[in-house]
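Report on the structure given below.
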Amino acid sequence: MANFRTHLGVAAAGGAVLAHGGWQAGLWGAVESLPLLALVTLGGILPDIDADRSKAIRLIFHLLAVPAVVASALLLQARLPVGTLLMACGAIYLAVRFLAGALFARFTVHRGLWHSLLAAGLCGLSTTALSHRLFDQPDHLAWAQGAALALGFVIHLLLDELYSVDLTGARLKRSFGTALKPFDWREPGNSLAMLMAAVSLAPWLPPWGPLRELLVQGASLWR
């Protein structure tokens, strides 16, 4: 399979193409293109969050802890005095960075459900919902940010499959087919739970119309 640097580098390149192309096409502004680049890059390492000792899991939970602290500060600043708020934010950072990371490693298997298109969809929809509801982004930009993360996620899965093909020996490695799959065939119950989690995000998502328009405009750029 592709290593951490390959996933990070290819996703960053893909994010740069997406961000710059959309900016030049007038789909978003120059400043708005920067988070899109970051989200594609993050998505490019996100599937390896299920690898217990990978660089990805340490980096991802560190990155997730930062917005968790920001969101908590915004929600609690009117309810807590400054000193208590700082302590609460510190506790939230440690909980996300270490406790959530340890629990995730305990209950996930590498190349399992987290390496699937269903997981990519869940992460993309979650990003869209957070962008729309928590950060009050416009509908089209919230969808663009969710799509950017999902794109990086799929880039990772594609790279894993490409590295499962041994061209020199003209053979397929045992890992072939374990990354780019719709869901985890071995764990139908967990796959159903993830699907239900994705569906449950519907009330927090922006209208679907801007997503369709975004996809149509994006597709027209390749003609």
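These numbers come from a predicted model, not from an experiment.
The heavy-atom pair separating H132 from L205 by the smallest distance is CD2-C, 4.2 Å. Counting all heavy atoms, side chain and backbone alike, L151 lies closest to L18 at CD2-CD2, 4.1 Å. For L149 against C123, the heavy-atom pair with the smallest separation is CD2-O, 3.4 Å. Of all heavy-atom pairs between K181 and H115, the closest is NZ-O, 2.6 Å. Closest approach of D139 to P210, counting heavy atoms only: CB-CG, 3.7 Å. Considering all non-hydrogen atoms of both residues, A197 and L122 come closest at C-CD1, 4.0 Å.
Hydrophobic clustering places V154 together with F183 (ILVMFWY residues linked when any side-chain heavy atoms are closer than 4.5 Å, directly or through intermediates). Under the 4.5 Å side-chain heavy-atom criterion for Ile, Leu, Val, Met, Phe, Trp and Tyr, W208 and L215 are members of the same hydrophobic cluster. Note on M194: it clusters hydrophobically with L117, by side-chain heavy-atom contacts below 4.5 Å among ILVMFWY residues. Clustering ILVMFWY residues whenever any of their side-chain heavy atoms sit less than 4.5 angstrom apart, transitively, puts V96 in a cluster other than the one holding L75.
Separation of atoms CG (L134) and CH2 (W204) is listed at 13.5 Å; rounding is to 0.5 Å. For the atom pair NE2 (H156) and CG (L46), the distance works out to 9.0 Å, reported to the nearest 0.5 Å. One distance of note links CG of L130 with CD of Q145; it measures 10.5 Å at 0.5 Å rounding. To the nearest 0.5 angstrom, L214 atom CG is 9.0 Å from L141 atom CG. Atom OG in S116 sits 10.5 Å away from atom CH2 in W185 (nearest 0.5 Å).
Residues L113 and E187 fail the side-chain proximity criterion, which asks for heavy atoms closer than 4.5 Å. L158 has its side chain within reach of L180: a pair of non-hydrogen atoms, C-beta onward, lies under 4.5 Å apart.
Legend: residues meeting side chain to side chain contact (heavy atoms under 4.5 Å, CB included) with L86, ordered by chain and number and at least two apart, are V82.
The stretch residues 13-48 participates, sequence neighbours left out, in these ring-ring contact (aromatic ring centres under 6.0 Å, His included) pairs: H20-W23.
Of the possible donor and acceptor atoms, none in the side chain of W143 sits under 3.5 Å from a partner among the backbone N and O of R212. Looking only at distances, a side-chain donor or acceptor of S191 sits under 3.5 Å from a matching main-chain atom of D184. A distance-only check finds no donor-acceptor pair linking the side chain of S131 to the backbone of T128 [under 3.5 Å].
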Would you tabulate the side-chain donor-acceptor contacts of residues 31-45 under 3.5 Å, counting partners in other chains and residues two or more places apart, or write 'none'?
{"residue": "E32", "atom": "OE1", "partner": "G29", "partner atom": "N", "Å": "2.7"}
{"residue": "S33", "atom": "OG", "partner": "A30", "partner atom": "O", "Å": "2.5"}
{"residue": "T41", "atom": "OG1", "partner": "L37", "partner atom": "O", "Å": "2.8"}

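With respect to C89, the side chain to side chain contact (heavy atoms under 4.5 Å, CB included) criterion is satisfied by exactly one of L94, V69, T84: V69.
Relative orientation of the F153 and W114 rings is perpendicular, given thresholds of 30° and 60° on the angle between their planes.
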